[in-house]
K.L.:
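Below is one structure. I have some questions about it.
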There are 2 protein chains.
Amino acid sequence: MSDNADDDPAPAPGSARWWLARETDARPSRQRADGITLRRILDAALLVLQEEGADALTMRRVAERLDTGAASLYRHIASRDELVVLLVDDVIGLPKSNPIQATDWRQRLIRTARNLRGHLLQHRAVVPLITAAQMIGPSSMRGREAVLRYLLADGFDPETAIRIHMTVTHFTVATVQLESRLGARTASERSQLRALFAAQGEHGLSLVSDHAELFAAHESDTEFEFGLAALIHGFEHLRDPPNA
Amino acid sequence: MSDNADDDPAPAPGSARWWLARETDARPSRQRADGITLRRILDAALLVLQEEGADALTMRRVAERLDTGAASLYRHIASRDELVVLLVDDVIGLPKSNPIQATDWRQRLIRTARNLRGHLLQHRAVVPLITAAQMIGPSSMRGREAVLRYLLADGFDPETAIRIHMTVTHFTVATVQLESRLGARTASERSQLRALFAAQGEHGLSLVSDHAELFAAHESDTEFEFGLAALIHGFEHLRDPPNA
DNA sequence: ACCTGAACACCGTTCAAGT
DNA sequence: ACCTGAACACCGTTCAAGT
């Protein structure tokens with residue numbers, strides 16, 4: 001009789017329903033004879049991703065690293081999509097971030113965002129795989145709790161605190177994500193970029209062409225710091241209750 | 001003797017070198033007998049994407065729409081990657097945006113960003129395919145020229161203007177991108193989300209659990225407007241020369 | 001000269017057959 | 001009962017054979 005999706009037989013990997021089902025089913029999953037575990041699959045997948053690139057992340061290749069066939073992986077995960085979701089959450093949770101010491105909420109927000117950015121940049125390979133759907137896994141939840149704690153302690157009301165947290169987190173992930181496929185820019189790539197901007201004059205885009213040098217010089221580190229500083233300036237106007 | 005990549009035989013689709021090579025080779029590409037053109041391929045691809053989803057965007061399926069075989073597409077594009085890059089730039093360029101009327105740079109920035117967001121939301125299917133690499137195609141370049149024009153006219157120095165443009169554009173695209181895989185949230189999905197947040201109490205995350213309702217209620221429209229307002233507040237502090 | 005069917009080297013996933 | 005080789009239904013891309 002239900003017309004919602006609560007009884008959908010197969011929730012999409014990464015969705016709230018999927019994570020919930022996962023908590024419920026959290027059976028210890030009796031040790032298999034062959035010694036293959038979810039942990040080993042995730043480790044193997046991360047290695048494939050880092051060493052061979054995104055295109056190489058196939059069930060067959062991961063299985064190869066574990067000296068078995070692709071079919072064997074299906075005893076531990078239901079699909080390749082699940083593997084990706086679990087891998088992303090796993091990597092997001094890796095940094096045993098030492099608690100952030102700072103007296104000021106602005107400083108704590110900035111350091112938290114920089115920590116996340118630094119961590120993501122160290123794991124560039126997984127960044128393109130991150131979607132909002134995956135940012136509700138256990139690792140993301142732990143990060144949320146910590147940020148929420150200090151924003152509330154600093155006098156923000158819960159609604160504003162959550163909005164600030166979401167905005168900064170999404171901004172940080174997104175900045176890394178949009179730059180991740182460009183990779184580290186070589187001098188040659190930068191000069192190609194300058195040439196491309198300069199060439200736009202031929203299509204009547206004189207301003208883009210005139211400032212080709214500045215566009216080519218644009219650094220995503222700078223953009224991140226600039227945007228983060230602007231956001232935090234903006235948040236001060238929205239503080240509640242005002243510090244008067 | 002060159003140790004840079006300028007003579008790399010096959011630049012990656014979407015890279016500056018690739019776009020540059022495309023401008024140079026801009027031969028009119030003599031009409032084929034069968035009437036298949038790049039234009040028709042892009043239109044067919046967009047239809048496949050919108051009607052059948054991301055997984056259906058295969059060379060075979062696009063070719064089917066044009067009553068031919070996959071091999072025939074390779075006379076017009078070099079690879080599937082090229083198709084995706086061209087499709088994304090094509091869609092970004094679609095809106096014949098009527099020039100934005102506003103007296104204030106803040107208002108113009110806000111309307112430009114909202115226009116872009118609205119346009120992307122109307123073409124959700126292509127959003128996950130956007131990367132920074134594609135945002136240097138001809139359509140993006142045209143948008144850049146327009147934004148740059150009014151920021152410079154409003155007294156920003158070129159470096160700041162470019163930074164503001166890049167930050168707002170990336171923020172806007174990224175916000176849509178992170179939410180795009182969640183799709184329109186149904187009441188059921190929202191209640192699942194609330195349940196997931198509420199369940200975090202069992203893992204010691206009491207703040208996340210206590211505010212489950214607020215997290216589940218979080219709207220990406222609100223986040224977008226909140227972040228955009230905060231960014232623009234922040235930009236005012238960085239204006240150069242100051243309006244004194 | 002142009003076009004494309006058929007083939008190649010892959011995929012994710014399933015399941016019958018083995019242990 | 002558990003595991004997995006082999007098969008199925010797909011991919012993107014190539015190229016020899018056709019027109």
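FYI, side chains are in, hydrogens and waters are out, and symmetry mates aren't considered; it's all heavy atoms of this structure. Just so you know, these numbers come straight off a predicted model, no measurement behind them. Every chain is numbered from 1 and lettered A, B, ... according to where its sequence line falls, protein lines coming before strand lines.
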K.L.:
What is the distance from CG of L66(B) to P of dC3(C), rounded to the nearest Å?
P.N.:
14 Å

K.L.:
Does the distance from a Lys or Arg side-chain N to an Asp or Glu carboxylate O, for R194(B) and E213(B), drop under 4.0 Å?
P.N.:
yes

K.L.:
Using the C1' atoms only, state how far dC15(D) lies from dT19(D), rounded to an integer number of Å.
P.N.:
16 Å

K.L.:
Return the nearest nucleotide to the side chain of T68(B); candidates are dT13(D), dT4(D), dT4(C).
P.N.:
dT4(C)

K.L.:
To the side chain of R75(A), which of dC15(C), dC3(D), dG12(C) is closest?
P.N.:
dC3(D)

K.L.:
Could you state the atom-to-atom distance from CD1 of I77(A) to C1' of dC3(D) in whole Å?
P.N.:
16 Å

K.L.:
Does the distance from a Lys or Arg side-chain N to an Asp or Glu carboxylate O, for E219(B) and R190(B), drop under 4.0 Å?
P.N.:
yes

K.L.:
Do the side chains of D221(A) and R114(A) get close enough for a salt bridge, i.e. N-O under 4.0 angstrom?
P.N.:
no

K.L.:
Report the distance from atom CZ of R80(B) to atom P of dC10(D), rounded to the nearest whole Å.
P.N.:
17 Å

K.L.:
Whole angstroms only, please: what is the OH-P distance between Y74(A) and dC11(C)?
P.N.:
12 Å

K.L.:
Any idea which of dG12(D), dT4(C), dA7(D) is nearest the R60(A) side chain?
P.N.:
dA7(D)

K.L.:
Atom CG of L73(B) and atom C1' of dC11(D): how far apart are they, to the nearest Å?
P.N.:
14 Å

K.L.:
What nucleotide among dT4(D), dT13(D), dG12(C) has an atom nearest to a side-chain atom of S72(A)?
P.N.:
dT4(D)

K.L.:
Is R39(B) paired with D90(B) through a side-chain N to carboxylate O contact shorter than 4.0 Å?
P.N.:
yes

K.L.:
Return whichever of A71(A) or D55(A) has its heavy-atom-nearest nucleotide of DNA chain C closer to the 5' end.
P.N.:
D55(A)

K.L.:
Which of the following nucleotides, dT14(D), dG12(C), dT13(D), is nearest to the side chain of S79(B)?
P.N.:
dT13(D)

K.L.:
From the set dC11(C), dT4(D), dT4(C), return the single nucleotide nearest to any side-chain atom of R61(A).
P.N.:
dC11(C)

K.L.:
Rounded to the nearest 0.5 Å, how far does CE of M141(B) lie from CG of L196(A)?
P.N.:
4.0 Å

K.L.:
Is there a Watson-Crick or G-U wobble partner for dC10(D) with both distances under 3.5 Å, and which nucleotide is it?
P.N.:
none

K.L.:
Is dC15(D) paired to anything, Watson-Crick or G-U wobble with both distances less than 3.5 Å, and if yes, which nucleotide?
P.N.:
dG5(C)

